[in-house]
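All remarks here apply to the structure that follows.
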Protein chains: 2
Amino acid sequence: MGTSGQDVTQDDVARAAGVSRSLVSLALNGSPKVAEETRRRIAETAARLGYRVNAAAASLARQRSRTIGLVLPNLRNAFFEQIAHTLGDATSARDLALFVTVGSEQPEVLHRAIESLLSVRVMGLILVSPWLSDEDLIAIGEEVPVCLIGRRSPGGRVDSVRVDEQAAARLLIGHLTELDMRSVGYVGPRVVNDTSRFERESALRRAALAAGLTLDVHECGEDAGPAVRDMLSSHPEPLGLVVHNDILAIDAVPVLRETNRHPGSDIALVSYDNTYLARRGEFSLTSIDQLEDVLGTTAVRLLCERADDGATAPPRSPRDVVLEPALAIRGSSCPGRERLTP
Amino acid sequence: MGTSGQDVTQDDVARAAGVSRSLVSLALNGSPKVAEETRRRIAETAARLGYRVNAAAASLARQRSRTIGLVLPNLRNAFFEQIAHTLGDATSARDLALFVTVGSEQPEVLHRAIESLLSVRVMGLILVSPWLSDEDLIAIGEEVPVCLIGRRSPGGRVDSVRVDEQAAARLLIGHLTELDMRSVGYVGPRVVNDTSRFERESALRRAALAAGLTLDVHECGEDAGPAVRDMLSSHPEPLGLVVHNDILAIDAVPVLRETNRHPGSDIALVSYDNTYLARRGEFSLTSIDQLEDVLGTTAVRLLCERADDGATAPPRSPRDVVLEPALAIRGSSCPGRERLTP
DNA sequence: CTGAAAGCGCTTACAG
DNA sequence: CTGAAAGCGCTTACAG
């Protein structure tokens, strides 16, 4: 029946199945030491009684939990949703649970969130573009396996997976120069401690220089519109406009229209993340694809490897997995020639 | 120092502070039975040693955890971010942890997510507009205190907090008729089992009828653009266009422009959620405000009340808290007359 | 105000 | 292939 009543324990299952308590545990955890026939009988009894493992007890006994903590900076970016989904799949494929915590601009809130994840003794932490100092990250890495997504490993015992920002910048700048844009502008969020933001900017600057162009930078608030408007008015020439991410880039679309700039001829708008916003017909943004699925599955793998080392084994040195990005080309930069590169 | 090493336990703290194990527990949990001076000394020792409670052990001993599970349908709506933030604040104000799980269109994934929350023996579950049947919800309510947000209580032991859909519909329709719109169209997502979607539609229909108007309904996919275009072409007369939420409504903005409809004269676009997207200058959407902060804090309160009842006490009957929505009026319906109603 | 002891539900050597 | 026993770190009556 699987009904409620107070919690059913392994004891109840053991009694009902006429076996010992430990056998139930072994059977339910799929130990090879249990006869298949017995295992099946126990599993059936457990299901019939509505047994559900008590994760707290299991973690305590096992000295380690089977859940991974995911810390996202916020939920305002579809990229984060993709990541969360991919990680959800990757973890459940390994029979792990995933708990998401949403950070905040306020460091205090972020720290509290991480603390509560540590209290649960998560087996590892995945942090997406965290607003934390390298020192903080390394300190957290001392307590629990950590894998960063979208940010370079700061050393210590902290791993990371990210897309090659230089390669992404080269893809974008290459695309823009092919389109004969004369200058390149970058619009990014006005933030103080977001490392990835600055890395993106400097990668773009370097790639632009290498192509003989300079990079003009404007910072924007929540709405990128005003910054884009400024940028356009100071660049009447054919301009390659790089916006920090899709969600900001959609603010640029109406501005282009208003100011009478024509994608493909005197303007080319490109951005990052290639989320569903970029794919929408109304926006149709050329955008860097970050390969969220690869990012996610890799992060989980790195974390599990580090966790499996246990407290034994010499601490693994930090690993920094760098992925080649792709560029999804759409109407915002060259109408009529949509494709995926490379 | 608060450094790492293997986990510090209450035992370690007790030894270091020269007191008994139980006293440490009492002190750290702020029991009034402990002398203030002792409490302080123990707290200091704990901090110095880098002690962090083992939530698994605490939950097990206490037979109840101090974390609430939040289940969101997805992360594609800024409304969910607001909710998550508010709940984060509300829970930490009560010294509870919040774990977020992101659902999915696939019921199997959603069930697994809920299962893993139940395995942790969360003290309660908050579900936002869940894609689950009433029966499923009631069944979950048998296992753990449940509070729904944005959906009517299905009975059982399940509470709910939501905005009055009828009142919201009346606000919108009232606003549209004031603007002399002749017909009303509703564009909502094409879904099969989203109760809130249908409730919204029927509330609108009823309010429209009461105002002597009929409601034309078009369903849309991920991009609302095409549905909006259809709607507009079949309604050349002044049209009040209600879109299911902000994120879909922004697809309508460029369509209005293309088709040369003018907000305030022959078209008035309104939507739901009043998120940051609605507030952006480029979109400036008139939108129903759902009072996320009230929704969130109320949900936490209801949950705690039900949890405090414990296994004793006659089961509380379900509560259905209904809030009066507000309407934020912006340029998409009447340019130049932005305000908040009521 | 403080300490000794039992127990939460599970896992895991260990001995058969 | 199976069972008896210890222990994970904490909380909580209970007795002083």
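Note on naming: letters A, B, ... go to the chains in the order of the sequence lines (proteins, then strands), and numbering restarts at 1 for each one. Every value quoted in this text rests on a predicted model; they were computed, and no experiment measured them.
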Could you give all pairs that pass the salt bridge (charged side-chain N to carboxylate O under 4.0 Å, His left out) test and reach residues 131-140 of chain A, with sequence neighbours left out? D134(A)-R151(A)
Is the shortest distance from a Lys or Arg side-chain nitrogen in [X] or [Y] to a carboxylate oxygen in the other one below 4.0 Å?
{"X": "E305(A)", "Y": "R301(A)", "answer": "yes"}
{"X": "D320(A)", "Y": "R162(A)", "answer": "yes"}
{"X": "D7(A)", "Y": "R52(A)", "answer": "no"}

How is the base pairing of DNA chain C summarised as a dot-bracket string, given the Watson-Crick and G-U wobble criteria with both distances under 3.5 Å, [ ] for crossing and | for another strand? |||.||||||||.|||
Point-to-point distance, once rounded to the nearest 0.5 Å, from CZ of R15(A) to CG of D12(A): 5.5 Å
What distance separates R62(B) CZ from N29(B) CG, expressed to the nearest 0.5 Å? 5.0 Å
Does some side-chain heavy atom of [Y] sit less than 4.5 Å from a side-chain heavy atom of [X]?
{"X": "V161(B)", "Y": "C147(B)", "result": "yes"}
{"X": "V128(A)", "Y": "V71(A)", "result": "no"}
{"X": "V53(A)", "Y": "L28(A)", "result": "no"}
{"X": "V19(B)", "Y": "R41(B)", "result": "yes"}

Nucleotide-resolved protein contact map, nucleotides 6-12 of chain C, B/S/- at heavy-atom distance under 4.0 Å: -BBBBBB
Within residues 32-40 of chain B, residues whose heavy atoms come under 4.0 Å of DNA chain C: P32(B), K33(B), A35(B), T38(B)
For residues 111-120 of chain B, which residues have at least one heavy atom under 4.0 Å from DNA chain D? none
Counting heavy atoms not belonging to E108(A), are there more than 12 under 6.0 Å from its CD? no
Would you mind listing every side-chain hydrogen bond (donor to acceptor under 3.5 Å, both in side chains) that reaches into residues 89-98 of chain B, with sequence neighbours excluded? R112(A)-S92(B)
